[in-house]
Amino acid sequence: VWKGIVPEVGGTRKKQAQDLIKYITTLFHAGYNKIYWYSIDYDVVPGVDDPWEHMGLVTKSFDKKPAFVSYKTMIRKVDYFTGIKKLDQGQYVYTFSGRGPVYVLGSDSGGSVLPSGLKGSLRVTDYLGNEQMKPVSEIVLTESPVFVEVITKGL
């Protein structure tokens, strides 16, 4: 806490970790091809923000914040993508050479419909890297983005 204030981006560490995926996906869609996140953020209000707690991936004592795990999960899922397309508000699909697409899906309003191309069993990975196999009928979109992959073999 810095002068009694913990100014986490997103409001909480959990929200910060979820928002990181949204921010980076939006930047990739805007045309950026490399995005670096910082362990510590010095783009803060002096005397108000603690640079370790603002947008950083680790705490002042070097403990990993949920955003660290979220960033690592995102790298594991979409590294080396060859294209990205916006499908709807909060819905994107990353494409790759030599493997199937990865969807990043979320809904701030909770009313979004899944993309029509998603069928059958899907691998759904949350922002912390927890994976589950789910039929498309069981996926409910929330403000917490998920990575979704169609599984064609190995079921």
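Since we're looking at a predicted model, the values are computed, not measured.
Across every non-hydrogen atom of Ser70 and Ala17, the tightest pair is OG-O, 2.6 Å. When all heavy atoms of Ala67 and Leu20 are compared, the closest pair comes out as O-CD1, 4.0 Å. Minimum heavy-atom separation, Asp79 to Arg99: O-NH2, 4.0 Å. Minimum interatomic distance between Gln18 and Pro145 (heavy atoms only, all atoms of both residues): O-CG, 3.5 Å.
The distance from the CG atom of Leu122 to the CD atom of Glu138 is 10.5 Å, given to the nearest 0.5 Å. Summarising the geometry, atom CD belonging to Gln16 is positioned 8.5 Å from atom OH belonging to Tyr23; distances are rounded to the nearest 0.5 Å. For the atom pair OG (Ser109) and CD (Gln89), the distance works out to 8.5 Å, reported to the nearest 0.5 Å. Distance check: Thr26 OG1 to Tyr32 OH gives 11.5 Å after rounding to the nearest 0.5 Å. Note: Lys134 NZ to Ser121 OG = 12.0 Å, rounded to the nearest 0.5 Å.
Looking at heavy atoms from C-beta onward, Lys64 lies out of side-chain contact with Lys72 at the 4.5 angstrom threshold. Within the 4.5 Å cutoff, the side chain of Ile139 has heavy atoms near those of the Val124 side chain. Side chains of Tyr94 and Phe28 form a contact here, defined as non-hydrogen atoms less than 4.5 Å apart. Looking only at side-chain heavy atoms (C-beta outward), Ile24 and Tyr71 come within less than 4.5 Å of each other. Residues Met74 and Phe147 form a side-chain contact, since some pair of their non-hydrogen atoms from C-beta on lies under 4.5 Å apart. Taking the side chain as every heavy atom from C-beta outward, Val102 and Val93 never approach each other to under 4.5 Å. Between Met133 and Ile151 there is a side-chain heavy-atom pair separated by less than 4.5 Å. Residues Leu105 and Pro115 have side chains in contact (heavy-atom distance under 4.5 Å, counting atoms from C-beta outward).
Of the possible polar contacts, none joining the Lys65 side chain to the Phe62 backbone as a donor-acceptor pair under 3.5 Å is found. Under the 3.5 Å distance criterion, the side-chain polar atoms of Thr82 are matched with a main-chain donor or acceptor of Thr95. At distances below 3.5 Å, not a single donor-acceptor pair connects side-chain atoms of Glu131 with backbone N or O atoms of Asp126.
Leu114 and Val150 fall within a single hydrophobic cluster, where Ile, Leu, Val, Met, Phe, Trp and Tyr side chains are chained together by heavy-atom contacts under 4.5 Å. Leu27 and Val104 fall within the same hydrophobic cluster, defined by Ile, Leu, Val, Met, Phe, Trp and Tyr side-chain heavy atoms under 4.5 Å apart, directly or through other members. In the hydrophobic clustering of ILVMFWY residues, with side-chain heavy atoms under 4.5 Å counting as a link, Phe81 and Ile21 come out together. Phe96 and Leu87 fall into different hydrophobic clusters, defined by Ile, Leu, Val, Met, Phe, Trp and Tyr side-chain heavy atoms under 4.5 Å apart, directly or through other members.
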task: Tell me, with the steps shown, if Asp63 and Val58 meet side-chain contact (heavy atoms from CB on, under 4.5 Å).
output: CA-CA 5 Å; Asp63 294 320; Val58 295; over 6 Å; no
field: Intermediate values then yes/no, side-chain contact (heavy atoms from CB on, under 4.5 Å), Tyr92 and His29
entry: CA-CA 8 Å; Tyr92 296 83; His29 181 255; 3.7 Å; yes
message: What verdict does the side-chain contact (heavy atoms from CB on, under 4.5 Å) test give for Thr73 and Leu128, after you've listed the backbone C-alpha separation in whole Å, the side-chain angles of each residue and the deciding distance to 0.1 Å?
response: CA-CA 6 Å; Thr73 299; Leu128 294 176; 5.6 Å; no
- request: Could you go through the side-chain contact (heavy atoms from CB on, under 4.5 Å) check for Thr125 and Val146 one step at a time?
  value: CA-CA 6 Å; Thr125 308; Val146 291; over 6 Å; no
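Remark: Lys85 NZ is loosely packed, at most 12 non-hydrogen atoms of other residues, nucleotides or ligands lying under 6.0 Å away.
Residues satisfying the salt bridge (Lys or Arg N to Asp or Glu O under 4.0 Å) test with Asp108, not counting sequence neighbours, are Lys22.
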